[in-house]
K.L.:
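First the structure, then my questions, so here it is.
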There are 2 protein chains.
Amino acid sequence: MPSNVEQDSITADDVAELAGVSRWTVSRAFKKDASISAKSRKKVLEAATELGYAPDLLAASLASDKSNLVALLVDDFANPHKLVMMERLTRILRKNGWDTLLVNTLDENDASAALMNASQRRVDAAVLIGVNFNDQELAAALGARRVKKLIVFARSSENPDTISICCDDRSAMAEITGHVIRKGYRRPLFLAGPQTQSAHLMRKETFVRLWHEANGDRPDFISVGSYDPALAYQAVADRLRNSTADARPDVVVCENDALAMGAVDAIRYELGLKVPQDIAVTGFDDVPQAASPHYLLTTYRQPISAMAEGLVQVLKGESDTTDLCRFSGQLIIRDSA
Amino acid sequence: MPSNVEQDSITADDVAELAGVSRWTVSRAFKKDASISAKSRKKVLEAATELGYAPDLLAASLASDKSNLVALLVDDFANPHKLVMMERLTRILRKNGWDTLLVNTLDENDASAALMNASQRRVDAAVLIGVNFNDQELAAALGARRVKKLIVFARSSENPDTISICCDDRSAMAEITGHVIRKGYRRPLFLAGPQTQSAHLMRKETFVRLWHEANGDRPDFISVGSYDPALAYQAVADRLRNSTADARPDVVVCENDALAMGAVDAIRYELGLKVPQDIAVTGFDDVPQAASPHYLLTTYRQPISAMAEGLVQVLKGESDTTDLCRFSGQLIIRDSA
DNA sequence: TTTTTTGTTGCACGCGTGTGCAAACGTTGC
DNA sequence: GCAACGTTTGCACACGCGTGCAACAAAAAA
């Protein structure tokens with residue numbers, strides 16, 4: 001009965017006493033590759049199990065200056081692909097010993113406040129998987145030693161101080177462009193996301209350039225303020241509502257699936273046209289919904305898991321950081337184009 | 001040039017020296033409602049700004065036994081509603097001073113390992129927004145003082161030790177049921193999610209009961225292993241593929257939108273039938289996609305933001321914990337039923 | 001002016017762990 | 001049996017800040 005007497009959290013000292021060793025030996029027992037005999041470790045671990053002890057990660061972080069914490073900054077919750085990325089990243093990070101701090105930067109136009117916040121938790125790295133990140137501010141944050149490592153995930157960055165882990169956008173768009181050309185489409189419209197950020201995706205530019213090289217003309221494009229299917233829907237509807245059949249595009253190439261889904265819906269429900277017969281659509285990311293019979297998007301699947309493993313390498317400091325922007329994914333051809 | 005000399009992180013001591021006060025006064029300057037004169041606080045804050053100082057939350061947590069950290073346990077990343085919940089929760093928590101630890105429990109069939117993990121970070125609370133949570137294990141985790149507070153969000157729990165913040169499922173389903181009945185549907189099929197958890201939603205039971213009270217018969221139902229549109233698609237397709245027109249249901253009442261979207265797609269693309277003319281569909285959650293012209297789901301919107309504010313009250317300890325399961329949302333009537 | 005009250009500040013101690021070093025231990029080879 | 005070596009263990013110190021209390025100053029009351 002009195003066994004449960006307001007027992008303050010058990011510490012390594014308690015385990016040490018029970019195991020008959022010093023507190024530091026307890027510490028070693030929980031550390032891989034530590035200098036400790038198998039016998040001692042076994043004793044300690046048994047005592048720890050008996051007491052229900054687990055090392056305090058806060059104290060460990062404070063003492064070691066290594067938190068095993070990664071901040072994930074997200075500002076783009078309308079894009080279903082974020083759910084996929086979060087799932088993969090948290091899973092793979094956790095498997096490798098890192099916990100994830102999810103930071104919503106939706107309300108600030110800069111990520112610096114969020115970075116500051118993360119730095120106060122001594123995160124080992126901040127991973128950006130959003131849109132509204134200003135390279136200058138990021139650099140400033142890094143310069144002030146706010147965070148040890150700044151990683152831009154699934155997006156390239158021109159900033160030399162930030163590490164970027166992403167697909168080779170050029171070859172990815174080349175695959176899409178090639179497919180669009182092979183399919184015989186002649187009047188593409190590019191649907192892009194936010195254009196104001198210095199770290200924005202280069203897919204539009206790449207597509208325009210590749211198309212120009214192949215066909216001589218420069219495709220038209222429109223852009224929306226965020227990767228939100230609803231915004232894409234409006235933009236496409238507004239753009240195409242009054243265009244005649246022979247003036248309208250025959251394919252809408254979208255920066256990602258979030259936009260592509262809005263585009264498909266607009267074409268179908270706002271314009272009453274068929275995809276792909278009247279207007280084809282391509283996406284990027286291969287979100288789960290893209291495979292639904294309703295969309296059947298032709299899209300490009302990034303190797304998120306491999307990229308996440310690359311992130312782990314970076315965190316471990318075992319990375320050359322050179323090939324991190326050369327991941328290559330896979331063109332997924334479905335019915336939409 | 002030598003200004004950037006390997007400057008180890010500035011601490012409160014540095015600020016204290018520059019401001020000409022003691023370290024503890026610095027500490028007070030950053031604490032609301034602390035006993036400190038306006039003059040001192042100003043001096044300290046200016047010095048802090050000049051040095052770029054920000055309190056170390058790790059050390060603060062260790063010293064105060066309050067981390068301002070909340071663990072968010074998620075095991076259900078196929079459900080787009082999770083994205084909404086994460087956005088709202090992180091936003092509102094952050095606004096109130098809490099950071100969010102995102103824990104993916106997808107790989108374990110129990111949440112206890114994740115809870116253990118969170119407890120090692122001394123989280124102030126663990127918030128569950130998933131499915132596969134076993135009440136017994138949760139209770140055990142609580143009993144072992146693993147986490148201070150265990151909160152089940154948007155889901156009711158029978159466990160007396162866990163705090164549940166959710167809609168009044170009974171009245172919510174009553175609204176949906178009423179709508180379905182008023183619309184004149186006669187042969188409902190309930191599409192439910194996982195049924196094995198002790199903390200699962202009571203929507204199926206509630207619907208069946210209410211329908212039985214009103215019509216005398218007990219509706220049929222099927223269930224799928226997770227809230228995944230693709231699984232719902234398969235389940236509905238398999239169930240209805242060989243049923244004759246007069247034997248098939250005229251409305252599919254779904255436990256949430258994730259399932260409803262799969263149901264709509266199956267009805268349209270697998271069975272070639274029309275929604276709602278041949279078979280109507282209702283959902284729950286009002287995910288963003290539910291409003292798209294493709295689905296136009298009749299559904300029920302939970303007051304997520306208000307519930308998140310309720311969570312903040314719980315964290316602050318300012319809650320009666322009685323009305324936390326009595327939030328009421330709003331029936332959203334669209335074309336699908 | 002003296003006393004009381006109120007407001008403000010400084011300090012010893014603790015939070016639970018990691019690091020680097022030195023001492024103790026055990027082993028091998030001659 | 002001794003030296004030399006590798007392995008294992010203990011320890012002082014540090015990590016950066018909060019709590020509670022005591023000391024202090026300033027303002028209000030006597």
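Numbers restart at 1 for each chain; the letters A, B, ... are given by sequence-line order, proteins then strands.
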K.L.:
Identify the two heavy atoms, one from B:A12 and one from B:Y53, that lie closest to each other, and give their separation to 0.1 Å.
P.N.:
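Here B:A12 and B:Y53 meet closest at N-CE1, 3.4 Å.
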
K.L.:
Return the value, rounded to whole Å, for the distance between atom CG of B:D13 and atom P of D:dG16.
P.N.:
9 Å

K.L.:
Expressed in angstrom and rounded to an integer, what is the separation of A:K66 atom NZ from C:dG16 atom P?
P.N.:
22 Å

K.L.:
Phosphate oxygens OP1/OP2 of D:dG16: is one of them under 4.0 Å from a side-chain N or O of B:T11?
P.N.:
no

K.L.:
Contact class for B:L62 vs. all strands (heavy atom < 4.0 Å): base, sugar-phosphate, or nothing?
P.N.:
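The residue B:L62 makes base contact.
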
K.L.:
Of the nucleotides D:dC17, C:dT17, C:dT8, which one has an atom closest to the side chain of B:A59?
P.N.:
D:dC17

K.L.:
Name the closest nucleotide to the B:S9 side chain, picking from C:dC13, C:dT19, D:dG16.
P.N.:
D:dG16

K.L.:
Taking NZ, NE, NH1 and NH2 as the nitrogens, is one of them in B:K149 or B:D124 under 4.0 Å from a carboxylate oxygen of the other?
P.N.:
no

K.L.:
Nearest-Å distance, CD (B:Q120) to C1' (C:dT17)?
P.N.:
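Value for this atom pair: 13 Å.
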
K.L.:
Confirm from the modelled atom types if B:R28 and C:dG10 form a donor-acceptor pair under 3.5 Å, side chain to base only.
P.N.:
yes

K.L.:
In whole Å, I'd like the distance from the CG atom of B:N68 to the P atom of D:dC17.
P.N.:
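Those two atoms, CG and P, are 15 Å apart.
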
K.L.:
Return the value, rounded to whole Å, for the distance between atom CD1 of A:I36 and atom C1' of C:dA24.
P.N.:
16 Å

K.L.:
If you count every heavy atom of other residues, nucleotides or ligands that lies below 6.0 Å from B:K66 atom NZ, does the total exceed 12?
P.N.:
yes

K.L.:
In whole angstrom, give the distance that lies between atom CG of A:L58 and atom P of D:dC17.
P.N.:
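Result: 14 Å.
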
K.L.:
Compare the minimum distances between each of C:dT9, C:dT19, C:dT17 and the side chain of A:A60, then state the nucleotide with the smallest one.
P.N.:
C:dT17

K.L.:
Using every non-hydrogen atom in the two residues, find where B:N68 and B:G97 come nearest and quote the distance to one decimal.
P.N.:
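So the minimum-distance heavy-atom pair works out to CB-O, 3.5 Å.
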
K.L.:
Students often get this wrong, so: under 4.0 angstrom with heavy atoms, is A:F30 touching a base, only sugar-phosphate, or nothing?
P.N.:
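Since no nucleic acid heavy atom lies under 4.0 Å of A:F30, the category is nothing.
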
K.L.:
In whole angstrom, give the distance that lies between atom CZ of B:R121 and atom C1' of C:dT17.
P.N.:
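So the CZ-C1' distance, B:R121 to C:dT17, works out to 13 Å.
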
K.L.:
Taking only N and O in the side chain of B:K31, is any of them less than 4.0 Å away from OP1 or OP2 of D:dC17?
P.N.:
no

K.L.:
Does B:R122 reach a base, just sugar-phosphate, or nothing at all? Heavy atoms under 4.0 Å.
P.N.:
sugar-phosphate

K.L.:
Please figure out whether B:S61 or A:W24 has its closest DNA chain D nucleotide nearer the 5' end.
P.N.:
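The residue whose closest nucleotide sits nearer the 5' end is A:W24.
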
K.L.:
How close or far is atom C1' of D:dG16 from atom CG of B:L51, stated in whole angstroms?
P.N.:
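Taking CG of B:L51 and C1' of D:dG16, I get 16 Å after rounding.
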
K.L.:
Does B:R122 offer a backbone N or O that forms a donor-acceptor pair with the side chain of B:S67 under 3.5 Å?
P.N.:
yes

K.L.:
Which residue, B:A38 or A:A63, contacts DNA chain C at a nucleotide closer to its 5' end, judged by nearest heavy atom?
P.N.:
B:A38

K.L.:
Hey, is the side chain of B:S37 poking within less than 4.0 Å of OP1 or OP2 on C:dT9, counting only N and O atoms?
P.N.:
yes

